[in-house]
Amino acid sequence: MSFLNSISSPPQIYSLFCSPIFPLYRFHSPSFPSLYYRHHGNGGIIREFGFLGDFRGKSRVNSGSMGKHRGGFFWDSYACSSRGSSSSSSSSSSSKGDKFESEEEEEEEVDEEEEGARPFCALPDRWDVLGLGQAMVDFSGMVDDEFLERLGLEKGTRKVVNHEERGRVLRAMDGCSYKAAAGGSLSNSLVALARLGFKPIVGPALNVAMAGSVGSDPLGSFYRSKLHRANVNFLSEPIKDGTTGTVIVLTTPDAQRTMLAYQGTSSTINYDSCLAGLVSKTNIFVVEGYLFELPDTIKTIIRACEEARRTGALIAVTASDVSCIERHYDNFWEIVGNFASIVFANSDEARALCHFSSKESPVSATRYLSHFVPFVSVTDGPKGSYIGVKGEAVYIPPSPCVPVDTCGAGDAYASGILYGILRGVSDLKGMGTLAARIAATVVGQQGTRLRVQDAVDLEQSFAFNIESSSVGTDVGSDHISSL
């Protein structure tokens, strides 16, 4: 007997595993209308950023400066010291810069091929996944411990800053190596999901969208166009005369990340007829946990979740950050306890949601949460992960890789879980294994986004394994962790 057939049917569990959307994603199902786009790059956007640094046209700039390349950006890829200089030789710097450019060129060529295959047409009747989250542009750079000490920043923390504080840090980074991206935990997951579902061997292509808040400034246009290019439709209108939020991500040599978030207009997400209409036409509605940091946003989240539940959508919540959970614990549980069908967390976040001490095991937290939420996904870094259902936890071994950058691993894992659910997979072990492989792929590269060709390879392997295997994971089987 498969896992889904073994499920009991309290209302929330029924809404997750017996919802009408699940049969739609079986491989023999008829296709939903596909969404096609064509992207037109915004190559001149860097000229408008102002605070980013010295623009030098199309020519390569000096070490640590920024330039423009093929309608996008390139940055030298070595670390910045607190003194604004690099220990790398000029020849070493040049070779690294050339490598970065070639990787960008390869990615752009794939993207152009995608665009040619997907001409623009009307929007779909329904979205497979709609994410509601903070739309913020990331500025990521390598720094040393002395840089953080000089600015009085606590390593490994996430802090909300104002406009003046953001400017102070960016000025201190002048001459450093850093890059810009349409960032955010949620957008990482949505891009990976869209790429996995872009050219499926079996089943319909996936329609993925995001709602949030951006300004009418160049950063807002940059964010929208980058997601559009990755086949994720950013559907919210820009706020007139508003400023788009940013996150400065400072990574030290020990791979610790210190994040400084400037919220801009992303601190305001209102529930209006536009958002209500989008939520009513989605099959899975994902709420990013970072939204709980924003004033009065809990009201928008509650109303959106009520609409999602009314229209039969599954509701997923990402835990996002331990400190965010601790500061907004009651708000988290208002949504998790009353609306969530799916929760994504790492081991520390899961313990925080449970009010467990650090001595408690992640499997204990997984089991506890699964008494309140039908489907719980908990990652535990290189130790593996767990999927919790009905008070039990299925252990998922880690996928082997040589770690390069752990940033975005959890976001990638979540995309695999969502992909498995949308494809109607009942084998929890198989679903978790795919998610672990996606996470390992991202960990084994620089950057947080699943690359296009990697997504194609993973999807093909996944489709083959599903078609060649009819074995399900039963909740009562020995796959259940007994730790």
Side-chain angles (χ1 to χ4, degrees), residues 10-13 15-16 132-134 154-160 185-186 189 256-259 261 286-302 305 309 314-396 406 409-411 413-414 417 428 432 475 480-483:
Q12 277 192 309
I13 293 177
S15 71
L16 175 60
L132 180 66
Q134 285 188 310
E154 183 181 352
K155 185 165 69 172
T157 60
R158 187 179 192 274
K159 176 184 177 183
V160 177
S185 171
L186 177 61
S189 297
Q256 291 248 33
R257 290 175 296 144
T258 304
M259 294 186 284
V286 184
V287 178
E288 184 179 32
Y290 287 123
L291 287 179
F292 291 95
E293 291 185 326
L294 309 182
D296 299 323
T297 304
I298 183 62
K299 299 175 184 176
T300 296
I301 296 172
I302 290 174
C305 287
R309 184 169 61 182
L314 304 181
I315 298 169
V317 178
T318 68
S320 296
D321 182 73
V322 170
S323 60
C324 183
I325 294 169
E326 292 173 345
R327 288 192 298 269
H328 307 283
Y329 187 83
D330 291 342
N331 286 345
F332 262 96
W333 271 103
E334 173 76 15
I335 302 302
V336 169
N338 294 312
F339 298 103
S341 302
I342 308 163
V343 166
F344 296 109
N346 64 29
S347 55
D348 291 332
E349 293 157 357
R351 280 188 283 259
L353 282 170
C354 299
H355 257 329
F356 284 178
S357 72
S358 59
K359 296 180 180 180
E360 291 285 350
S361 68
V363 70
S364 298
T366 304
R367 288 171 170 169
Y368 180 82
L369 287 172
S370 70
H371 287 292
F372 303 94
V373 181
F375 189 104
V376 178
S377 170
V378 176
T379 57
D380 195 24
K383 298 177 182 178
S385 56
Y386 300 91
I387 294 177
V389 175
K390 298 195 331 183
E392 298 291 350
V394 178
Y395 174 65
I396 310 297
T406 60
D411 308 333
Y413 189 96
I417 296 296
L428 295 183
V475 167
I480 300 300
S481 171
S482 59
L483 296 176

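Heavy atoms only: backbone and side chains are in, while hydrogens, waters and symmetry mates are out.
Here salt bridge (Lys or Arg N to Asp or Glu O under 4.0 Å) pairs that include residues 370-380, with residues two or more places apart or in two chains, number zero. For residues 329-349, the set of pairs meeting the salt bridge (Lys or Arg N to Asp or Glu O under 4.0 Å) definition, not counting sequence neighbours, comprises D348-R351.
Across all non-hydrogen atoms, the minimal contact from A345 to A350 is CB-N, 3.9 Å. F292 and N331 get closest at one heavy-atom pair: CE2-O, 3.5 Å. Minimum interatomic distance between C305 and V287 (heavy atoms only, all atoms of both residues): SG-CG2, 4.2 Å. Of all the heavy atoms in Y329 and A352, the pair that sits closest is CE1-O, 3.3 Å. Listed here is the closest heavy atom pair of S385 and Y413: OG-OH, 2.7 Å. Of all the heavy atoms in G391 and S370, the pair that sits closest is N-OG, 2.8 Å.
Residues that satisfy the side chain to side chain donor-acceptor pair (under 3.5 Å) test with S320, not counting sequence neighbours, are T318. With sequence neighbours excluded, the residues that form a side chain to side chain contact (heavy atoms under 4.5 Å, CB included) with S357 are K359, E360. In this structure, Y290 has no ring-ring contact (aromatic ring centres under 6.0 Å, His included) partners at least two apart in sequence or on a different chain. Looking at residues two or more places apart in sequence or on another chain, you find a ring-ring contact (aromatic ring centres under 6.0 Å, His included) between F356 and Y368. Residues passing the side chain to side chain contact (heavy atoms under 4.5 Å, CB included) test with A414 are S189, F344, sequence neighbours excluded. The side chain to side chain contact (heavy atoms under 4.5 Å, CB included) test applied to K155 returns D145, L148, T252, D254, Q256, T258, not counting sequence neighbours. Qualifying salt bridge (Lys or Arg N to Asp or Glu O under 4.0 Å) partners for R158, counting only residues two or more places apart in sequence or in other chains: E293.
The structure places NE2 of H328 at 13.5 Å from CD1 of I335, a figure rounded to the nearest 0.5 Å. How far CZ of F375 is from CG of L314: 11.0 Å, rounded to the nearest 0.5 Å. Here the straight-line distance linking atom OG1 of T366 with atom NE2 of H371 works out to 11.0 Å at 0.5 Å rounding. The CG atom of L369 sits 11.0 Å away from atom OG of S377, with the distance rounded to the nearest 0.5 Å. D296 contributes atom CG, which lies 11.0 Å from atom CD1 of I301 (distance to the nearest 0.5 angstrom).
Counting heavy atoms from C-beta outward, V336 and V343 have side chains that approach closer than 4.5 Å. A heavy-atom distance below 4.5 Å is not found between the side chains of K159 and M259. Looking only at side-chain heavy atoms (C-beta outward), V389 and V376 stay at 4.5 Å or farther from each other. Within the 4.5 Å cutoff, side-chain heavy atoms of I417 are placed close to those of I387. A 4.5 Å side-chain heavy-atom check between F332 and L353 finds at least one atom pair inside the cut-off. A heavy-atom distance below 4.5 Å is not found between the side chains of I315 and I342.
Between the side chains of T297 and T300, not a single donor N or O lies within less than 3.5 Å of an accepting N or O.
The closest donor-acceptor contact from the side chain of R257 to the backbone of T157 lies at 3.5 Å or more, if one exists at all.
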